[in-house]
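First comes the structure, then the notes that go with it.
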Amino acid sequence: MKYSIPSSFFLVLLAGVTAFGQASGGRSKAVHKKPVTVATPAPSTGLVVPSWLPPATPYQPSVTQLTDVTDTKLNVRFDYVHQYLLGTATLTLHSHFYPQAVAVLDAKGFTIKGVQLVGSRGDKSLTYKYDRRQLAVVLDHPYPREQSYQLRVSYVAKPNELPAGGSEAITAAKGLYFINPLGKEPNKPRQIWTQGETESNSCWFPTIDHPNQRMTQEITMTVEDQFKTLSNGLLITSKKNADGTRTDTWRQSLPAAPYLTMLAVGDFAVVSDTWRGKPIDYYVEPKYKSTAKAVFGHTPEMMEFYSKKLGVEFPWEKYAQIAVRDYVSGAMENTTATVHGAAIQATSRELLDNTYETSESIITHELFHHWFGDYVTCESWSNLTLNEGFADYSQYLWAEYKYGADAAALVQQQELALYLEEADSKREPLIRYHYQNQEDMFDRHSYQKGGRVLHMLRKYVGDEAFFAALNYYLIKNKYTAVEISKLRTAFEQTTGEDLQWFFDQWFLQRGHPELKISHSYANGQVLLRVRQTQDTLFQPVYRLPVTVTVWQKEKSTDHRITITKADQTFSFQVADKPTLVKFDSEAQLLGQIEEERTQEELIFQFYHARNYLQRYEVLDLVQNKTTDFTVSGLLRNALNDNFYAVRRAALDHLRGFHGPNTTAMRAEVQRLATVDPSSAVRAQALTTLATFPNENYAAAYQTALRDSSYAVGAAAINALAKSPKINAKTQISALDNTSNSTLLVAIANYYVQRGSMEQYAWFMRRLPDLTDMDLYSYLPAFGAFMVQMPVIEREKGVKMLETLARTHPQYFVRLGAYRGLTALAPSQPAIKSVLADIKLKETDERLKAFYNLM
Ligand SMILES: [Zn+2]
């Protein structure tokens, strides 16, 4: 699974929750930020407890397997009016080891019509107890494990009427979702789709809803003939019925965990591809049919790459991807049928702004799960990183293979920064047997830290051993559920080396190293001092194998060292004083590293960098010295770097630039705003231009308004909003019917600054077109805009924001509406009590924490 939250949401949330509010992604400063210093003494012991130490949570064992489900056959149809699924489930079961006289099934929020034991001489009704969460069926006799049996359950699933109780995440997760079921929303297609992970598929079919179960399946759906269907496995029959409906049957003959079952129904265009004779299909809304291959078209090449790299051919019968509306997550690796959010679809113009993060990294993530997650599955949510750490790491692997070392280094930087941001407020062991709720496991530890730990493991054992060990792990454990020891064993069997130390410090203990590095030179010797400054009461003293590169003029020598102590000095023989000593020159360590270097050494590092990270690091460290001649020269060169992220970072650091050759530098920024091949760089150049005083870049902004990239157009509008002397209202209002959300949000913000009464109608008119993601940014702008409105209009808007802030199903939309109201509070004091009441009644933990900080 991949979470997708507006990136600005994290910006806002983190600005509140942690000490720094730097956006995630290429421009994050987190790599170099100072370790946490806030500490609170524990009341009784006087022991100083770090602020990131989470409160004690309960032990979460793997679920005991009493009964196993080995096959599931469903026959379903849908009641759109009530949003019900009417189903018959035929489950093949057997006792796991000990004989069982009762079969306990997960079945949340059903009306049970009957339960029968399927027999060769006819079915037999069985008695059962049902508490609306679990169905306990009394069998006709205790079944030994050798004797499998079949139960047929007739039921109605009512995902909108789930019983209260259980965890908050479970009541929020419905498993089965009807989108625009009655066709009343004009801009929305009618769709049905499901989301099983973690344990929500039991909201629409009876099963044993744990990751340590595994079953084959067959799903028969009767739908309106105009709709397409999708489920796991292959479509084996499709027949039209006399009443205008159609019945499709999908069968998956390879076993997978119940949380990976899915179905989807709706008006989709299907674009077909193929890989080694297997069907590869992309399901999109019909208007995106022509660009589906541009979005998903790398899939066959990815399958080829991973099949070869892992030595295990993609094992499943087909691979389909579908984009659905109002999806509750980022994407989900349902076996052979990955679900994506609608945002992955793009028009040909939007494709110009597609970045690796918004599309390919999600596609590779879900595909890689088909080995790590679907083929070999974590046995409990405590071991989630065995799914998500690998899927996260595939984002690096594909970037490295397809786009080279710099692109991979950018992934490494972004993912590491995301983990370090989270680590500021919480540090948990990767394999976590204590947690409050299984949904808590879906954090930047399981994903981003997991991916970085795998990268360090790869760097330690070497590429050949790494992929050989993964091959061993996959083949040994295929179609089973595993815990972390299986991965360690695979690496130990492959390399012949005991790796307990690595798995213990990285997977089982919390935290990461915080290193201070310094070096000196005397008498033909470089002394490199490494201090581990992390709090070792709560985190280990790490054993860190790492490469140090010593440069002497143009010649570099790599030294492999292993740090094992809290304070350790290493010496290297050299002929002369080194030009640069670079610690962890592979940039593979997970940690916070402060490395002392002179400006001269940093400048040398920039020009001799082995990868993007080493160049970026220099830009980051010298950014306050732009008045220095060599630094400004370096930035000028960075503007012409081959890798777009270096150019973008240099532009970012040139905001407000004053220094040598100011005019020439500013002219160079202006040039990049029009000619750079990357739309991200052109957009950043415009943002930087807007920070230069006493300059009129009207021509550049107006050219950019006509740029084919929406991101560039939006950056121009944002720049124009900051330039009161330039009147661009006519050009901007000519764009304000756009269907592109980036542009729309920029225009909304422009109207906040430069709009008048007449734009009120525009704000109201555009509301119904917006997706949930758009609303998150649009609603605060709407609130800010309404400050200038007459009272009557304003009250209508306030009412609307209040309703959204209280009732919208997506928590980040509720937050957007709340922020809109906050903007209005100073001019309308009555809103303060409304805000207080919203805050009081909010049930989402993330929002509650955020509101408390606001
Ligand atoms: Zn995932």
Side-chain angles (χ1 to χ4, degrees), residues 23-32 298 301-302 305 309 352-365 392-420 448 451-452 454-456 458-459 463 547 549 551 556 558 580 582-590 593 595 602-623 634-654 672 675-685 711:
S24 63
R27 277 155 291 174
S28 176
K29 309 288 187 293
V31 178
H32 300 289
H298 289 306
E301 190 185 348
M302 285 180 189
F305 170 60
K309 201 83 188 163
L352 299 172
D353 295 325
N354 250 15
T355 62
Y356 188 73
E357 304 94 81
T358 54
S359 152
E360 256 174 277
S361 78
I362 307 173
I363 292 167
T364 186
H365 179 111
D392 181 276
Y393 191 46
S394 79
Q395 299 164 216
Y396 181 97
L397 291 172
W398 175 250
E400 183 184 39
Y401 163 77
K402 185 72 182 168
Y403 303 106
D406 278 349
L410 179 60
V411 173
Q412 171 78 359
Q413 176 190 40
Q414 290 169 332
E415 300 295 289
L416 176 61
L418 284 169
Y419 161 71
L420 288 175
Q448 281 83 10
R452 310 287 70 69
L454 290 170
H455 186 56
M456 287 188 291
R458 175 182 168 193
K459 288 292 166 188
D463 266 26
T547 299
T549 301
W551 288 85
S556 65
D558 288 348
L580 172 70
K582 180 74 191 109
F583 179 78
D584 185 26
S585 49
E586 295 173 303
Q588 51 91 30
L589 264 189
L590 181 154
I593 305 168
E595 194 179 356
L602 287 172
I603 302 274
F604 180 90
Q605 178 177 321
F606 182 84
Y607 291 110
H608 294 78
R610 286 184 181 169
N611 64 41
Y612 156 72
L613 278 172
Q614 291 184 4
R615 304 204 290 293
Y616 181 92
E617 184 194 28
V618 175
L619 289 177
D620 199 35
L621 292 172
V622 301
Q623 62 173 309
L634 182 153
L635 282 167
R636 187 76 188 270
N637 282 320
L639 290 179
N640 292 296
D641 197 276
N642 283 330
F643 190 48
Y644 82 97
V646 173
R647 303 197 297 278
R648 185 179 62 184
L651 284 165
D652 188 29
H653 295 330
L654 284 168
L672 291 182
V675 306
D676 198 281
S678 154
S679 64
V681 172
R682 296 201 298 284
Q684 180 61 52

For this session: For atom CG of Asn642, decide whether the heavy atoms of other residues, nucleotides or ligands shown that lie under 6.0 angstrom number more than 12.
Result: no

Can you confirm whether the side chains of [X] and [Y] place a donor and an acceptor under 3.5 Å from each other?
X: His365; Y: Gln395; answer: yes
X: Thr547; Y: Asp558; answer: no
X: Tyr356; Y: Gln414; answer: no

Exercise. Roughly how far, to the nearest 0.5 Å, is the CG atom of Asn354 from the CD atom of Glu360?
Worked result: 8.5 Å

[X] vs [Y] side-chain heavy atoms within contact, under 4.5 Å:
X: Tyr396; Y: Glu415; value: no
X: Phe606; Y: Val622; value: no
X: Thr364; Y: Lys402; value: no
X: Leu639; Y: Leu654; value: yes
X: Tyr419; Y: Arg452; value: no

Seminar exercise, completed: With sequence neighbours left out, the residues meeting salt bridge (Lys or Arg N to Asp or Glu O under 4.0 Å) with Asp676 are Arg647

Closest contact, heavy atoms only, [X] versus [Y]:
X: Asp406; Y: Tyr612; answer: OD1-N, 2.9 Å
X: Ser585; Y: Gln614; answer: O-NE2, 2.9 Å
X: Tyr393; Y: Gly451; answer: CD1-O, 3.5 Å
X: Ala587; Y: Gln412; answer: O-NE2, 3.7 Å

For this session: Identify whether the distance between the nearest side-chain nitrogen and carboxylate oxygen of Lys309 and Glu400 falls below 4.0 Å.
Result: no

Problem set entry | Check ion pair Glu586-Arg610 (N to O, under 4.0 angstrom) | no

